[in-house]
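Side-chain atoms are counted along with the backbone in the values below, which use heavy atoms only and exclude waters and symmetry mates. Atoms within each ligand, like the ligands themselves, are counted from 1 in listed order. Starting from 1, each residue takes its place in the sequence as its number.
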Amino acid sequence: MLTLRSLTKKYGRSGAKAGDGEKTAVDDLSLEVTPGKVTGFLGPNGAGKSTTMRLIMGLDRPTSGTALVNGRAYAQLPYPLREVGALLDAKAAHPRRSAYHHLLGMARSHGIPAGRVHEVLGIAGISEVAGKPVGSFSMGMGQRLGIAAALLGDPEVLLLDEPVNGLDPDGVLWIRTLLRSLAAEGRTVFLSSHLMSEMELTADRLVVIGRGRLLAEAPMADVLAGGTRHTVRVRGPETEELRTLAHHIGAEAENVRWLSDGELEVTGVRAGRVGDVAHERRVRLHELRAAEATLEEAYMRLTSGSVEYADQLKPTPTRSTAGEYDPKASV
Ligand SMILES: Nc1ncnc2c1ncn2[C@@H]1O[C@H](COP(=O)(O)OP(=O)(O)OP(=O)(O)O)[C@@H](O)[C@H]1O
């Protein structure tokens, strides 16, 4: 269990005003990350995710507020590795030391038996390269070593900052399965990632921050439901008939646009209503489909206004469009 209470971290000259050298990286953040679930930690670049994780791990001191692991500050944990494991910087290992000796050194200094080193090397799928120097590892192997290190103390709480960075598709699937099984064992799993599709598959709950402040803390399903308009895709064999449908549904839809000659996208109306109007107007349909809510869409809505680097929010076309349809223009 992680508990943040009014956690605040300011960088720069103390007493300096914002814009005059002071930066509030984490701003009055209060939340709980509960056991038995994977909690995703989202936010634009510079939102304060890594800083929050460093504060939890005692690697930085809060300006005010507290970050508690199982009810205690990190510095007060008698056996920290046994309570919380973290992957914050996968390359934080001596490049000439072997993976095995890197983990063995950590195990010895925390009273963890050497046998556990072999176990976590196996879990992370790097037993065969355990004798190789860490400096020769690919990014994906480095991530796996970082995860092995996080698991070394068999901790109840796991913190992972961008764990899928550098992993190939097999590695991404492996980590998703691993994190879900760790949560199913009753552990607290808190992970950040910029990969929305992956987060959607892995996390049960979400914490979203922007400019250091809490924007949302909710189950994944609620975030998805709250952030998405109804979007319906319609396909038919006759462009003229679809044009009729576009004209009539356009009066009540937020937007109607052509995806191709034979396909429309209708926003702001439910699929059933589009089907009814098609039936009334004798428009033949070959497909009528409610587009699924995506986390990416919900996330964009939540964080618009909290992005430091505005280019992130420039819309990127997801598919080629054969001309935008304006429902107000005559067709
Ligand atoms: N040691 C530091 N000194 C000064 N400013 C810092 C320091 N560490 C972080 N910051 C600033 O604090 C803010 C939050 O940074 P942080 O790295 O926590 O964000 P993040 O959400 O992890 O971003 P990203 O997604 O890009 O990794 C940023 O504006 C960053 O420039």
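When each atom of ligand 1 is checked for a heavy atom of Arg54 under 4.0 Å away, the hits are 8 (N). Near Ser50, meaning under 4.0 Å from any of its heavy atoms, are these atoms of ligand 1: 17 (O), 18 (O), 20 (P), 22 (O), 27 (O). For ligand 1 and Lys49, the ligand atoms under 4.0 Å from any heavy atom of the residue are 18 (O), 19 (O), 20 (P), 21 (O), 22 (O), 23 (O), 24 (P), 25 (O). Residue-ligand proximity, Ala47 to ligand 1, at heavy-atom distances under 4.0 Å covers atoms 19 (O), 20 (P), 21 (O). Counting the atoms of ligand 1 from 1 in the order shown, those under 4.0 Å from a heavy atom of Asn45 are 23 (O), 24 (P), 25 (O), 26 (O). Listed by number with element, the atoms of ligand 1 under 4.0 angstrom from any heavy atom of Pro44 are 21 (O).
At a cut-off of 3.5 Å, with distance as the only test, a side-chain donor of Ser192 or Asp161 sits close to an acceptor on the other residue. Residues Thr244 and Glu240 have side chains that never bring a donor and an acceptor to within less than 3.5 angstrom of each other.
Here the shortest heavy-atom distance to atom 14 (C) of ligand 1, taken over Gly43, Gly46, Ser192, belongs to Gly46.
At least one heavy atom of His194 sits under 4.0 Å from some atom of ligand 1.
Looking only at side-chain heavy atoms (C-beta outward), Arg233 and Leu264 stay at 4.5 Å or farther from each other.
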With side chain to side chain donor-acceptor pair (under 3.5 Å) as the test, would you mind laying out the steps for Thr202 and Glu198 before giving the verdict? CA-CA 6 Å; Thr202 310; Glu198 192 46 40; 3.2 Å; yes
Apply side chain to side chain donor-acceptor pair (under 3.5 Å) to Ser98 and His101, showing your working. CA-CA 5 Å; Ser98 72; His101 281 102; 3.1 Å; yes
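When the shell of 6.0 Å around CD of Glu280 is examined, it contains more than 12 heavy atoms from other residues, nucleotides or ligands.
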